[in-house]
K.L.:
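Can you keep this structure in mind? I'll have questions shortly.
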Amino acid sequence: MASYFQNIEEKNINSSDILSELNPEQQEAVEQTEGALLVLAGAGTGKTRVLTTRLAHLLKSGVAKPHQIMAATFTNKAAMEMKERVSELLGGVPIDGWWIGTFHSLAARMLRQNAEKVSLSSNFTILDMDDQMRLVKQIAELEGVDTKKFPPRLLMSFIDNWKNKALLPENVSVEDAGDAINGKMIKIYHLYQSRLKSINACDFNDLLLHMIVILKNPEHKDVLDLYHDQFRYLLIDEYQDTNTAQYLWLRLLAQKNKNVCCVGDDDQSIYGWRGAEVENILRFEKDFPNAKIVRLEQNYRSTPQILNAANAVISNNRNRMGKKLWSAGTDGEKIHLQGVWDGRQEAVEISGEIEALKQKDVSLSNVAILVRAGFQTREFEERFMTIGLPYKVIGGPRFYERREIRDALAYFRLVVQPSDDLAFERIINTPKRGVGSVALRQLYEFAREHGISLYDSCLALTKTTNLKPRLRATLLELIDNFERWRALLSEEAHTQTAKTILEESGYINMWKTDKSIEAEGRLENLEELTGAMAEFENMQDFLEHVSLVMEVQKNTNQAMVTIMTLHGSKGLEFDYVFLPGWEEGTFPSQRSIDEGNLEEERRLAYVGLTRAKKKLHIFHASNRLIFGSWKQLTPSRFIGELPEDIVEATSENGFYRGHQSCSSDSFSINQGNSTRAVISTTSNSFTNNIKGSNQVGHRVSHTSFGSGTIVGIEGDKLEVKFDRAGRKKIMARFVEFIT
DNA sequence: GTACTCTCAGTTTTT
DNA sequence: CTGAGAGTAC
């Protein structure tokens, strides 16, 4: 560790150089190195920068050595950026091994050092959501719970909520559990936890939870003492997003030295549903009586118009600490507000705007589309694909969640960790080798009876004659393979072994012989997987990375439009930001309206608005296809909260003007057992929903009506007789119904 | 044990 | 509309 310190000394950088770029308030926050400090800062005020600079300053001024500082962030991206920036500030020192990372990765690292204290071994597996669901489902079924009525998702959400609050099964009060799942939920939680231990695994929340248990246990006071001695300084980003478990963990670590620096913004608290407690920010002064609070309100990111809009919207929230962002800038364009007919037109208009920006030599990497929910990205993807506009969807279907990747990982996991029953189950019959549900049940029963893992059951049963000869031979071969692969792992490069495993298990071949279109892509993904592995020293490290970092870094130099959720956009900024789908039910989402959780939703709007540096475009559609049926929508209440004088509203097709909700341009149809409709073929936003040729007698299908037959053509109008009664609402503007 | 067809429920947001 | 899971026929 001393070598890091020397490196920093050798670099010829002054403390004052580090600080020179900051304003007085920011400097104050950076320079106070002793005691507790809360930086309350609005969007775009450089709060993360303060945190990063403070870290560099602690090192540069010689107050601390790298391993004495722990910096926690919520996303891997934020952690990586912090590392890069710190390294840069210190003149390019290597930052490997420093305690900068996400809450989960830091806790995981600690837990590996202490796993045996919660009866795990240090090579425990970290389960992903899919594994968690399958596990809880199995348990529920064994307990006779109807998993149709109580889906695993729901069961898991009970457990997650308790874990977010740092409640162990024995601490969940009966009142807390209520009569959840007929009073069985606590028992399921108990069983879930013991099952995790028996397969030597943790879920995400356990990483923190186990550490809290250890640090709180007087028997392990030595562990707490050790960390107290080591971590002299704690730095926490996005403090408003901490849940109770994270809060307790931090407090345990901080209680001796009390050198804590948190930065946060109560207006950007958007993770309440994940257990985040904004109260943690409010409680800060109580937890650390001499805490100093620095407020940052000068925004360096956005134009006055954008700030104005953000301030206006967020001021409708009652429950906030209150702060008002200001900017020294004066120039800026009005906010562009546009109503469109439907989701398709929304995509068309936005792609048009982006093309226009491109004409003006704006780099596409400065443009983002921020949506409320993942499904909204689809319409844009289709449009961008059609017109060939480069784009990337962040947080879409994730690399490590793809089927082939999860299968491959299950093989690797089982090699490293034979007790991983979930991995075993996943690959035992993939590729198909005649070990179906019957065989699996037999293994299961044996495993339960003897309290051992499925792999060990395999091992034991193949030594007996209890299995059918064919099955026995198959399993023997498989075990033999696994033992060999495990041995290989310590002999040769892990990337080589990985390839061998996929090859010899027949997995690669399974996709090579698959005739479906995706097969080729899957093989490419597998290549990419083994490629990504090379960056890690061994298989164990790689698997850890995979479970904590779901995203794979794709380095591409092409500038692309970013499409992502509002949640994913926190902490980022773009020159041009498009905010589609500002309708009641879309944003704010129906769920948050139903649950009366509009303040968090409004904070989300605030986050979205404040991502923009130069210009904001807000869109809302009158009609949207939801679950395959058309729904009419009214503009979001948040639109009404924008100050009129900074908004420039435009509309296409003349069906929407200004801030009022759009008129009812639709009606429902239901005429016996079939529907006849005349459809205008010149209206592209409607006829794009029709598939088929335009000749009398030909069949067509419509996204809303289903299929029908063309009975007449006149000019640009088609008369179609649909097979069944239309039960959907349709736009009267483009369709007339024949009575 | 596998492959195909049918029904039904589901859309927030994520480490 | 789509995907998962169940049910059915080989």
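Per chain, numbering begins at 1; letters A, B, ... match sequence-line order. Since this is a predicted model, take the numbers as computed values, not measurements. Computed from heavy atoms alone, side chains included, the values below leave out hydrogens, waters and symmetry copies.
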K.L.:
Under 6.0 Å from the CZ atom of A/R378, do we count more than 12 heavy atoms belonging to anything else shown?
P.N.:
no
K.L.:
Quick one: do the A/D594 and A/Q590 side chains pair a donor with an acceptor below 3.5 Å?
P.N.:
yes
K.L.:
How long is the line joining NE2 of A/H104 and P of B/dT15, in whole Å?
P.N.:
10 Å
K.L.:
Which residue lies toward the 5' end of DNA chain B, A/N205 or A/R153, if each is placed at its nearest nucleotide?
P.N.:
A/R153
K.L.:
Roughly, in whole Å, what's the span from CD1 in A/I626 to P in B/dA9?
P.N.:
19 Å
K.L.:
Would you mind reading off the distance between A/D237 atom CG and B/dT15 atom P, rounded to a whole angstrom?
P.N.:
14 Å
K.L.:
From CE of A/M156 over to C1' of B/dT15, roughly how many Å is that when rounded to an integer?
P.N.:
13 Å
K.L.:
How long is the line joining CG of A/L625 and C1' of C/dT2, in whole Å?
P.N.:
12 Å
K.L.:
Go nucleotide by nucleotide along DNA chain B from the 5' end; which of A/T102 and A/S589 gets its closest nucleotide reached first?
P.N.:
A/S589
K.L.:
Treat primed atoms plus P, OP1 and OP2 as sugar-phosphate and everything else as base, then score nucleotides 1-7 of chain B 5' to 3': B for base contact with protein heavy atoms under 4.0 Å, S for sugar-phosphate contact only, - for none.
P.N.:
SSS----
K.L.:
Rounded to whole angstroms, how far apart are CD on A/Q132 and P on B/dT14?
P.N.:
16 Å
K.L.:
Answer with base, sugar-phosphate or nothing: what part of the nucleic acid does A/R378 contact at a heavy-atom distance below 4.0 Å?
P.N.:
sugar-phosphate
K.L.:
Could you state the CG-P distance from A/L106 to B/dT15, rounded to the nearest angstrom?
P.N.:
15 Å
K.L.:
How would you label the contact of A/F74 with the nucleic acid (heavy atoms, under 4.0 Å): base, sugar-phosphate, or nothing?
P.N.:
sugar-phosphate
K.L.:
Determine whether the aromatic ring centres of A/W273 and A/Y271 lie less than 6.0 Å apart.
P.N.:
yes
K.L.:
A/M129 has an atom CE; how far is it from atom C1' of B/dT15, in whole Å?
P.N.:
10 Å
K.L.:
Measure from the side chain of A/F627, starting at C-beta and using heavy atoms only, and say which of B/dT15, B/dG10, C/dA6 lies closest.
P.N.:
B/dG10
K.L.:
Return no unless some side-chain N or O of A/T565 is found under 4.0 Å from OP1 or OP2 of B/dT14.
P.N.:
yes
K.L.:
Does one side chain, of A/T430 or A/D407, offer a donor that lies under 3.5 Å from an acceptor on the other?
P.N.:
no
K.L.:
Go through the structure and list residues passing salt bridge (charged side-chain N to carboxylate O under 4.0 Å, His left out) with A/R470, not counting sequence neighbours.
P.N.:
none
K.L.:
Just to verify, what does A/F619 make a ring pair (Phe, Tyr, Trp, His ring centres under 6.0 Å) with, not counting sequence neighbours?
P.N.:
A/H336
K.L.:
Less than 4.0 Å between a side-chain N and a carboxylate O, is that true for A/K570 and A/E238?
P.N.:
yes
K.L.:
Give a yes/no verdict on base stacking between B/dT13 and A/W273: centres under 5.5 Å, planes within less than 30° of parallel.
P.N.:
yes
